[in-house]
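Working notes for the structure below.
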There are 2 protein chains.
Amino acid sequence: MKKILREHIEKLIPLTDDEFSFVLSHFSAEQYDKNDFIFRKGEKVKNCYFIISGLLKLVYDDKDGKQHIVSFALEDWWESDFSAYFSEANTKMSLQSIEDSITFSLSLKNYHKLSAEFPKMQRFFLNKSNTGHIASQHRILSFLTSNARERYDQLIKQYPLLVQRVPKTLLASYLGVSRETLSRLSH
Amino acid sequence: MKKILREHIEKLIPLTDDEFSFVLSHFSAEQYDKNDFIFRKGEKVKNCYFIISGLLKLVYDDKDGKQHIVSFALEDWWESDFSAYFSEANTKMSLQSIEDSITFSLSLKNYHKLSAEFPKMQRFFLNKSNTGHIASQHRILSFLTSNARERYDQLIKQYPLLVQRVPKTLLASYLGVSRETLSRLSH
DNA sequence: ATTTTAATGTGACAAACATCACAATAACAA
DNA sequence: TTGTTATTGTGATGTTTGTCACATTAAAAT
């Protein structure tokens with residue numbers, strides 16, 4: 001588990017053993033069963049989460065009670081309600097596990113501490129944030145340019161393994177189409 | 001102009017005069033007339049751009065020649081094709097001015113130099129990137145939960161000044177609806 | 001093993017939205 | 001000014017997608 005985190009960071013930033021120990025001391029491991037909530041809408045989020053194994057969904061519940069999946073979080077991914085996390089406000093979304101999952105969590109305090117005391121790690125976070133921003137823009141572009149079928153095809157192409165692990169009902173909710181429409185796209 | 005950049009940065013990170021001089025030396029000022037391209041699709045982008053005054057559009061041209069506005073860039077905003085910028089690849093989008101505009105541009109080299117030599121500035125970039133990421137997620141949520149009229153209402157509420165400066169044809173392209181549909185929403 | 005719940009497919013119909021066509025007006029340039 | 005181009009509105013029509021209803025199968029729980 002530690003090894004996974006270390007290798008993830010070292011894809012971008014080489015670390016000595018001591019440096020990694022220092023970094024690691026800011027995280028704490030957590031384990032969730034399938035369907036557990038990491039946090040619920042309306043609560044505070046103390047942490048952001050690095051996923052060691054498993055699969056999470058970041059969900060927004062609209063006024064009609066419909067669920068919208070803002071994001072899936074797979075192994076090697078970071079997730080939180082970042083808006084609430086950074087501003088220490090109440091969450092507008094919930095984070096729930098789709099499979100049994102293991103995470104490393106990082107409190108906002110420790111995030112700032114790590115960033116301030118260890119610029120290498122700040123560089124790592126900057127890189128991650130940039131990547132996340134670019135990924136989100138890519139998804140926006142998909143909404144702008146593509147219809148339901150095309151968005152589904154793009155998803156399959158981009159995350160083939162995810163598509164196999166997740167029920168189509170959830171994929172539909174991520175793609176912004178009804179499950180019935182998604183079901184009819186296969187023909 | 002320098003003052004605008006300084007105040008923008010100091011909203012997040014206080015700077016001494018010397019520090020700001022150092023930061024400023026990494027930027028160069030550029031001026032664009034209305035309709036000028038800052039860069040075109042297929043080219044390399046050397047810079048990202050901080051907008052001092054004016055208004056830009058980040059545009060994706062699809063296979064049918066239709067234009068999709070990925071983002072508007074107003075005063076006090078940073079813009080580029082960040083995917084191409086960070087990876088030094090060819091752009092998939094173009095950046096064009098909608099009004100006469102003045103920018104401060106920052107090369108990737110200087111971005112890395114600034115970040116490495118001056119952790120305060122890396123903190124600034126991290127903060128900006130996080131904000132941008134959150135804003136993109138907000139837009140995704142708008143696509144997931146809202147129809148054309150609701151997205152338009154949200155845009156008016158969020159950027160009332162932008163809506164008055166930009167022709168509806170472009171707003172439609174940003175919202176992901178046809179201009180005819182947008183035109184009919186007012187009733 | 002049996003019951004319960006979740007996931008999926010599909011028909012019928014309605015709503016949202018796109019496209020094409022044309023007209024009117026506003027902004028801009030020679 | 002005068003011609004040209006960009007912007008906007010609107011009708012007619014077709015396509016895409018959503019909603020409701022029901023059936024079937026798969027998975028999970030007891």
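Order of the sequence lines sets the chain letters (A, B, ...), proteins ahead of strands, with each chain counted from 1. What you are looking at is a predicted structure, and each value in this text was computed from that prediction instead of being measured.
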Presence of Thr169(A) side-chain N/O under 4.0 Å of dT8(C) phosphate oxygens OP1/OP2: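 True: Thr169(A) side-chain N/O within range (under 4.0 Å) of dT8(C) OP1/OP2.
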Result of checking Tyr49(B), Tyr111(B), Phe50(B) against Trp78(B) for ring pair (Phe, Tyr, Trp, His ring centres under 6.0 Å):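 Only one of Tyr49(B), Tyr111(B), Phe50(B) forms a ring pair (Phe, Tyr, Trp, His ring centres under 6.0 Å) with Trp78(B), namely Phe50(B).
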Which whole-number value in Å describes the distance from [X] [atom1] to [N] [atom2]?
{"X": "Lys66(B)", "N": "dA18(C)", "atom1": "NZ", "atom2": "C1'", "result": "8 Å"}
{"X": "Leu182(B)", "N": "dG9(D)", "atom1": "CG", "atom2": "C1'", "result": "12 Å"}
{"X": "Arg179(B)", "N": "dT7(D)", "atom1": "CZ", "atom2": "C1'", "result": "8 Å"}
{"X": "Ile98(A)", "N": "dA27(D)", "atom1": "CD1", "atom2": "P", "result": "17 Å"}
{"X": "Leu175(A)", "N": "dG18(D)", "atom1": "CG", "atom2": "C1'", "result": "15 Å"}
{"X": "Asp100(B)", "N": "dC28(C)", "atom1": "CG", "atom2": "C1'", "result": "14 Å"}
{"X": "Lys34(A)", "N": "dA7(C)", "atom1": "NZ", "atom2": "P", "result": "8 Å"}
{"X": "Arg184(A)", "N": "dA12(C)", "atom1": "CZ", "atom2": "P", "result": "11 Å"}

Along DNA chain C (nearest heavy atom to each residue), the more 5'-positioned of Ser146(B) and Val166(A):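 Nearer the 5' end of the strand: Val166(A).
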Along DNA chain C (nearest heavy atom to each residue), the more 5'-positioned of Pro167(A) and Arg151(B):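 The residue whose closest nucleotide sits nearer the 5' end is Pro167(A).
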Touch class at under 4.0 angstrom, heavy-atom based, for Ser178(B) against every strand present: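 Here Ser178(B) touches the bases of the nucleic acid.
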Minimum-distance nucleotide (side-chain atoms of [X] versus [options]):
{"X": "Thr181(B)", "options": "dT8(C), dA18(C), dA16(C)", "result": "dA18(C)"}
{"X": "Lys168(B)", "options": "dT19(D), dG9(C), dG9(D)", "result": "dG9(D)"}
{"X": "Ser183(B)", "options": "dT8(C), dT10(D), dG18(D)", "result": "dT10(D)"}

N/O donor-acceptor pair, side chain Glu180(B) with base dC17(C), under 3.5 angstrom: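 No.
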Distance-only side-chain donor-acceptor flag, Ser97(A) / Asp36(A), under 3.5 Å: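 Their side chains do not contain a donor-acceptor pair, so the 3.5 Å distance test is not met.
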Other residues, nucleotides, ligands: >12 heavy atoms within 6.0 Å of His68(A) NE2: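 Result for NE2/His68(A): enclosed.
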Neighbour count >12 (heavy atoms, 6.0 Å) for atom NZ, Lys120(B):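 Yes, the 6.0 Å shell around NZ holds more than 12 heavy atoms from other groups.
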Salt bridge present between Arg165(B) and Glu75(B) (N-O < 4.0 angstrom):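 The answer is yes: the pair qualifies as a salt bridge.
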